[in-house]
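Heads up: the structure comes next, in structure tokens.
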Amino acid sequence: MEQVVLDKLIAETKRYKVDLRLDASFDKLTTFGTGGKIAVALFPDTERKLVKTIRLIDRLGVKYVLLGRGSNVLASDDPFDGVAVVTTKLNRFVIRRKTAVAQCGVSTVALASALAMQGLGGGEFLACLPATVGGATVGNAGCFGQDVKGIARSVTVLKNGQVRRLKAVDCRFAKRDSVFKHSDMTVLSVKFALQPSTEEAVRKRIAEMRAQKAASQPLEYRSAGCVLFHDSVALSRLIDEMGFKGYRVGGAEVSTKHAGFVVNIDKSTSLDIYLIIRRLRRALLDRYGITAKTEVRLINFKEEKNDLFAERKE
Ligand SMILES: Cc1cc2nc3c(=O)[nH]c(=O)nc-3n(C[C@H](O)[C@H](O)[C@H](O)COP(=O)(O)OP(=O)(O)OC[C@H]3O[C@@H](n4cnc5c(N)ncnc54)[C@H](O)[C@@H]3O)c2cc1C
């Protein structure tokens with residue numbers, strides 16, 4: 001980033017009091033715990049500051065990436081000469097009757113817990129995601145038959161510099177997908193509609209879900225959950241069938257507990273993880289003719305590496 005641009009960024013964000021760091025790196029901001037240095041990381045703590053930040057970045061023509069908890073991203077090991085806008089300080093939400101409105105950086109676990117206290121059901125799955133509301137909405141995250149699509153009523157976004165509200169139907173939620181994955185909109189906040197239940201029932205459901213996750217997933221290691229998905233096929237079973245459990249590159253491994261997970265078991269680099277994902281995709285295509293989609297978002301990989309569909313053999 002040119003010094004003159006950096007200076008402007010520093011001066012402006014200082015003026016409206018946005019926390020700015022010049023020593024951030026993706027390994028500290030992602031659940032994989034891998035990835036290179038980031039030129040600038042910004043941590044706005046109000047919606048107004050987030051809007052101003054994005055408008056400023058747009059005006060300066062700087063490349064940027066939004067980050068929630070970083071639990072669905074793989075950032076390359078190379079330095080990122082741009083800005084990471086981290087939303088985790090936007091952590092306010094309001095629950096009124098059967099609805100909740102949450103800012104994009106709200107922890108899904110914290111929201112699930114508050115919904116439980118109010119005896120509101122339908123959002124129990126949120127307790128199982130190490131995520132923010134914004135990140136979960138972008139990927140229509142879900143598990144155990146629940147997902148964001150099932151409870152989101154509207155999403156307030158910043159689009160082309162303007163704040164707008166999208167109805168759920170306009171968010172085009174689909175399996176691990178939404179309109180936000182294919183645009184540069186910023187999710188500012190989300191309104192959810194829940195079902196009346198009891199605190200006891202909601203807590204019981206959360207405990208059951210968590211127990212199931214703990215029994216079947218390698219939660220003791222750093223990961224980003226399942227790395228690949230397919231609209232209609234359970235890929236982890238096929239990956240297991242091909243004998244990939246325990247397949248290792250450098251410090252990364254296909255989990256021996258859940259074949260859908262790639263885990264950072266010993267100071268893995270992002271490249272190690274990337275090579276495993278590519279190998280799995282290739283094998284699924286060769287053996288079953290299945291084109292798996294990459295669930296994690298790749299950040300700052302060189303163009304040719306970004307293409308996990310690349311036909312070449314390793
Ligand atoms: C142990 C483990 C278990 C998991 N289990 C599941 C599961 O059961 N089901 C499931 O669906 N996922 C699961 N995941 C994956 C992950 O937690 C979810 O995809 C989660 O919703 C990502 O949220 P995040 O806040 O971490 O987003 P990030 O990883 O920070 O970001 C994800 C994407 O959203 C974008 N983004 C983030 N915030 C915004 C915003 N405000 N506006 C616009 N774009 C934004 C980012 O740029 C990026 O492209 C799991 C991950 C782990 C580590």
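Reckoned from all heavy atoms, side chains included, excluding hydrogens, waters and symmetry mates. Counting convention: from 1, in listed order, for ligands and their atoms alike. Everything quoted here is computed from the prediction, not taken from an experiment.
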Using distance alone, determine whether [X] and ligand 1 share an N or O pair under 3.5 Å.
X: Gln217; answer: no
X: Met185; answer: no
X: Asn72; answer: yes
X: Gly70; answer: yes
X: Ser71; answer: yes
X: Thr132; answer: yes
X: Thr186; answer: no

Protein residue, atom and distance nearest to atom 38 (N) of ligand 1, heavy-atom basis: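 Among all protein heavy atoms, the one nearest atom 38 (N) of ligand 1 is Gly135 N, 3.7 Å.
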Looking only at protein heavy atoms, which one is nearest to atom 52 (C) of ligand 1, and how far off is it?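 I find the closest protein heavy atom is Gly225 N, 3.4 Å.
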Numbering the atoms of ligand 1 from 1, which are under 4.0 Å from a heavy atom of [X]?
X: Ala131; result: 20 (C), 21 (O), 22 (C), 23 (O), 25 (O)
X: Leu129; result: 6 (C), 7 (C), 8 (O), 9 (N), 10 (C), 12 (N), 13 (C)
X: Cys143; result: 8 (O)
X: Leu219; result: 1 (C)
X: Gly142; result: 7 (C), 8 (O), 9 (N), 10 (C), 11 (O)
X: Gly68; result: 25 (O), 28 (P), 30 (O), 37 (C)
X: Leu66; result: 42 (N), 43 (C), 44 (N), 45 (C), 46 (C), 47 (O)
X: Ala136; result: 21 (O), 23 (O)

So how far is it from Ser197 OG to Arg203 CZ, rounded to the nearest 0.5 Å? 11.5 Å
Considering only heavy atoms, which of Asp147, Val187, Leu74, Leu298 lies nearest to atom 40 (C) of ligand 1? Val187
Considering Val148, Leu67, Thr108, Val138, which one's heavy-atom position lies nearest to atom 45 (C) of ligand 1?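 The option holding the nearest heavy atom is Val138.
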Check this for me: Lys213, atom NZ, are more than 12 non-hydrogen atoms of other residues, nucleotides or ligands nearer than 6.0 Å?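 Correct, the count exceeds 12.
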Can you confirm whether more than 12 heavy atoms, excluding those of Arg172, are under 6.0 Å from its CZ atom?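 Result for CZ/Arg172: open.
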Examine ligand 1 and decide if any of its atoms is less than 4.0 Å from a heavy atom belonging to Lys213. yes
I need the full list of side-chain hydrogen bond (donor to acceptor under 3.5 Å, both in side chains) pairs touching residues 90-112, with sequence neighbours left out, sorted by first then second residue.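 Counting only pairs at least two positions apart or across chains, no side-chain hydrogen bond (donor to acceptor under 3.5 Å, both in side chains) contact touches residues 90-112.
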Tell me, please, whether Phe43 has Arg21 positioned over its six-membered ring: NZ or CZ under 6.0 Å from the ring centre and within 45 degrees of its axis?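 Yes, a cation-pi geometry.
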Do the side chains of Leu9 and Val85 join up, straight or via other hydrophobic residues, at under 4.5 Å, putting them in one cluster?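 Same cluster.
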